[in-house]
Structures are given as C-alpha cells and as structure tokens.
There are 2 protein chains.
Amino acid sequence: MKSDLRQILSLIPSETFCLAAKTTLLSAGETATKVYFIKEGCVRLWYNNDGKDITCQFFMPGSMVASFESFSKENPSEFTIETILPTTVEVYDKKDIEEYRLSHPEQLDIALNFALDRANNYIHLFLSRIKDTPQQRYKDLLEQAPEIVASIPQHYIASYLGITPVSLSRIRKRISQK
Amino acid sequence: MKSDLRQILSLIPSETFCLAAKTTLLSAGETATKVYFIKEGCVRLWYNNDGKDITCQFFMPGSMVASFESFSKENPSEFTIETILPTTVEVYDKKDIEEYRLSHPEQLDIALNFALDRANNYIHLFLSRIKDTPQQRYKDLLEQAPEIVASIPQHYIASYLGITPVSLSRIRKRISQK
DNA sequence: CTGAAACGATAACATTTGTTAAGAAATCAC
DNA sequence: GTGATTTCTTAACAAATGTTATCGTTTCAG
C-alpha cells in the first residue's frame, strides 16, 4: 500500500529541494498544505511540551512525512517537522493532491487506507511506550533502525525514547558492558 | 461527527444485550466483525504484553468500541475487548454496516473521517504518555473521567496509567495528603 | 451464610530515572 | 584556523517506581 501511494504520487506534480540540517518543513500552529517524500537524509516530527522538545518519530529515505492530521482536517498542526541531516525531499502540494483525488474519486479508499495506516502507526508508537522499558526500546531501535542510532545526535533519540540524554548514556554503557 | 455516526447507526439493524462484568466481546487473535455501542456500564480495551494485561482505553456509555483496525483491515485483533462492569450494548454486524455503506457510497468519507479521528485519538493517547508523569495523568483522569476512577478497580487504572497498582496507591496517598 | 478470591494500603529494599554539574571531544561558524 | 557551540560521558544525590510480601477489607460464588 505504501507503494500504491508512491505510484499515485508519481502522477502528481512535485518539486525537489535539497535542504540543510535543522530546516523546518512545518511549524506547530501552521496548517499543513504539503506532503514530503524523503529521498535522502533524515527528518523528525516533534512536539513542543512546555519548551521541552519531544521527538515523536524519525523519517528515513523512502518514507513520506506530513502532519497528516493537520493536512486532512485543516487544523493547526500540533507538531513541528524538521530535518536533522541535510535532506532531499519531493514536495507535493495539497491542491495538486486534491485535484488528483477529485479526478480519481474511485481512489478515496486509498485515503481511507492511508488514514487507517496512520492510526495503526500511532497505536504501535503508543504500545511501544507502554510495553517496554527505555532500555528495551533502545535495543529495538538499534535492531530495527541502526542507521538512525548511528547518524543522529543522541538527545533526539533520548527524547524519542522518553528519557533524558543522561539516562540514554547510562543505558548505552550498561549494554556495552555485556 | 460522533453524532453523525450515531445517526447512521440508527439506520442499521442492531441487537441489544445485557452483559455481566468481565464478559469478553472480542479476544485478541480474532478478527473483529462487530461494533458495539455502549448504553450502560463500562468496557475496556486491553493488550496482552507477555501475560501482563495492559488497559489501553476505557469506554463509557455513549461511545462506540471495536477493534477498528482489525475490523477495517480484517486482521487478527491485537487487543481484547471486555466489560468491566455489567454493561448494556447495541451490537452492529459488519455485514449490515457494509450493506449500508454500499447503498450509500457518498458516505465513504464518513469512514475516512472516522479513521482520522481514530488516528487522532491514538496520537493523544501517545502524547499523554510522553508529556505527563503518572501522577499528572492520574490527576487528569480524575478531572476528565471521575466516574471511571470511582467505579473501576484500581489495577485497571494503574495499567492504563502505565504503573503498578502499588505505585498508584502511593500516588493516591500523596495527592490526598495535600 | 461462608470460604475463597479479589482488592487496596503499606512497608522495605533494589533499581531506574531525573537533575545538576563538570569536563573532554567533536563539530560548526566565521 | 580558531573560538564558540554542541555533543557525549560521568559523577553525586534526590525522587519515583518496581518488586515482593503482609494484612485487613470487600466482593463473589456456591
């Protein structure tokens, strides 16, 4: 289904940009009108919790990122999206996506599937917080996405795991001592 | 939108059941084919984490519950749904819902909206875990849903908050001492 | 009604995490 | 290249939680 969407996107006009690290793609409070496909680099989606910056998700090459809830419901986004590394993205504009959708009404269910995938995605983010200790989650991240651990400053990873950088450093030490 | 859905449900056949406490509506591993509207009582959705039972959500009268992801995608459910208190539900069957949907294709976007709401729901479940301490989450629950705190055994609430019953008992003591 | 099970509070101790601070190393901006 | 910033580690102490166990109390099934 991800490839379905990718295939559809290929029929929609887009622009490609090369962005520096720490470039903001969408600020919290703005309403999303764009969807990004990551060709290279790394992007994170984060939440401002009373000044503390909490990374909710990392996006690596091959995936799409947007504040989909803001995009779909035309609400101000609760999240900020920014690059971590120098990143190349394809940018799709909402009006082009809408135009495509209107001319292909039979594919509304693709949007539905996509929304269901998003819901599923968040269920699993949520469950991973519930199920596992920070140490286990770090191990999982190491297994599932070593490239993230390798290429990204640790404080982003710590906030993703829900702990402080100090605690992450301790976990790393504990693991390396085995 | 919740009422939209409720209005639509009124056009779909349903059966009403009165169920004892601890009745299972859907077991993890089964594929959901039913949606429940709660008229009275209380239902929880829980996840089996290596034998440990983690309550993800409580559902009170007026809300609908199902393993929507399982229902939509026809996957085995990851969650179990069961009553906590004696509960009265209206049961809607998937084939009746599908029949309605097929005869009212203009309402596919209601399903889409519903899926988006679900995604939003889980985003906020997720965020509440990230943002707040268990103590703060307990206070929030007390404010937002005192009827849950009042009527449900504490170990369910503790697992919902992500802590042990012992720790919840300590939090309660700490709060009451102020 | 009665024995068994579930529930809730509490204690003691271990473990983990948060906080603050200091210092070394790597990276960045100019 | 050089000074400033960022990044990472480590230490010390405080605070919170987990674990295990005990002990009343309540609830439930028969």
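Chain identifiers are assigned alphabetically (A, B, ...) following the order of the sequence lines, protein sequences preceding nucleic acid strands; residue numbering begins at 1 within each chain. Note that the structure is a prediction, hence the values are computed from the model and not measured.
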Exercise for the section: Check if the side chain of A:Arg170 and the base of C:dG18 share a donor-acceptor pair of N or O atoms closer than 3.5 Å. Expected result: yes

Exercise for the section: Ignoring hydrogens and angles, state whether a donor on the side chain of B:Gln154 or B:Tyr156 is under 3.5 Å from an acceptor on the partner side chain. Expected result: no

Exercise for the section: Identify whether any heavy atom of B:Pro165 sits under 4.0 Å from a base atom; if not, whether one sits that close to sugar-phosphate; answer base, sugar-phosphate or nothing. Expected result: nothing

Practice task
In whole angstrom, give the distance that lies between atom CD1 of A:Ile163 and atom C1' of D:dA16.
Solution key: 16 Å

Exercise for the section: Taking only the side-chain heavy atoms of A:Thr164 (C-beta and beyond), determine which of D:dT7, C:dT19, C:dA9 contains the nearest atom. Expected result: C:dT19

Problem - Between C:dT16 (P) and A:Tyr138 (OH): distance, integer Å - result: 17 Å

Practice task
Report which part of the nucleic acid B:Ser169 touches: base, sugar-phosphate, or nothing (heavy-atom distance under 4.0 Å, all strands).
Solution key: base

Exercise for the section: Kindly say if A:Arg174 contacts the phosphate of C:dT17, meaning a side-chain N or O under 4.0 Å from OP1 or OP2. Expected result: yes

Handout entry: Separation of A:Ile54 CD1 from B:Leu127 CG (nearest 0.5 Å)
Key = 7.5 Å

Practice task
Measure from CG on B:Asp53 to P on C:dA6 and round the result to the nearest Å.
Solution key: 13 Å

Practice task
Look at B:Asp117 together with A:Lys73 and state whether they make a salt bridge at an N to O cut-off of under 4.0 Å.
Solution key: yes

Handout entry: Ion pair check, A:Asp93 and A:Lys34, cut-off under 4.0 Å
Key = yes

Problem - Distance test, side-chain N/O of A:Gln154 to OP1/OP2 of D:dT9, below 4.0 Å - result: yes

Exercise for the section: Please determine if A:Lys94 forms a cation-pi arrangement with A:Phe71, meaning its NZ or CZ atom is less than 6.0 Å from the six-membered ring centre and no more than 45° off the ring axis. Expected result: yes

Handout entry: Contact under 4.0 Å: B:Ser167 side-chain N or O vs D:dG18 OP1/OP2
Key = yes

Exercise for the section: Check every atom of C:dA9, C:dC7, D:dG18 against the side chain of B:His155 and return the nucleotide holding the closest atom. Expected result: C:dC7

Practice task
Return the value, rounded to whole Å, for the distance between atom CD1 of B:Ile152 and atom C1' of C:dG8.
Solution key: 16 Å

Exercise for the section: Calculate the interatomic distance between B:Lys22 atom NZ and C:dA5 atom P; express it in whole Å. Expected result: 13 Å

Handout entry: Spacing of B:Leu168 atom CG relative to D:dT19 atom P, expressed in whole Å
Key = 15 Å

Completion exercise
Taking for A:Val166 and for A:Thr133 the nucleotide of DNA chain C with the nearest heavy atom, the one nearer the 5' end belongs to A:Thr133

Problem - Spacing between A:Ile157 atom CD1 and D:dT9 atom P, to the nearest angstrom - result: 11 Å

Practice task
Starting at atom CD of A:Gln136, determine the distance to atom C1' of D:dG18, rounded to an integer number of angstrom.
Solution key: 17 Å

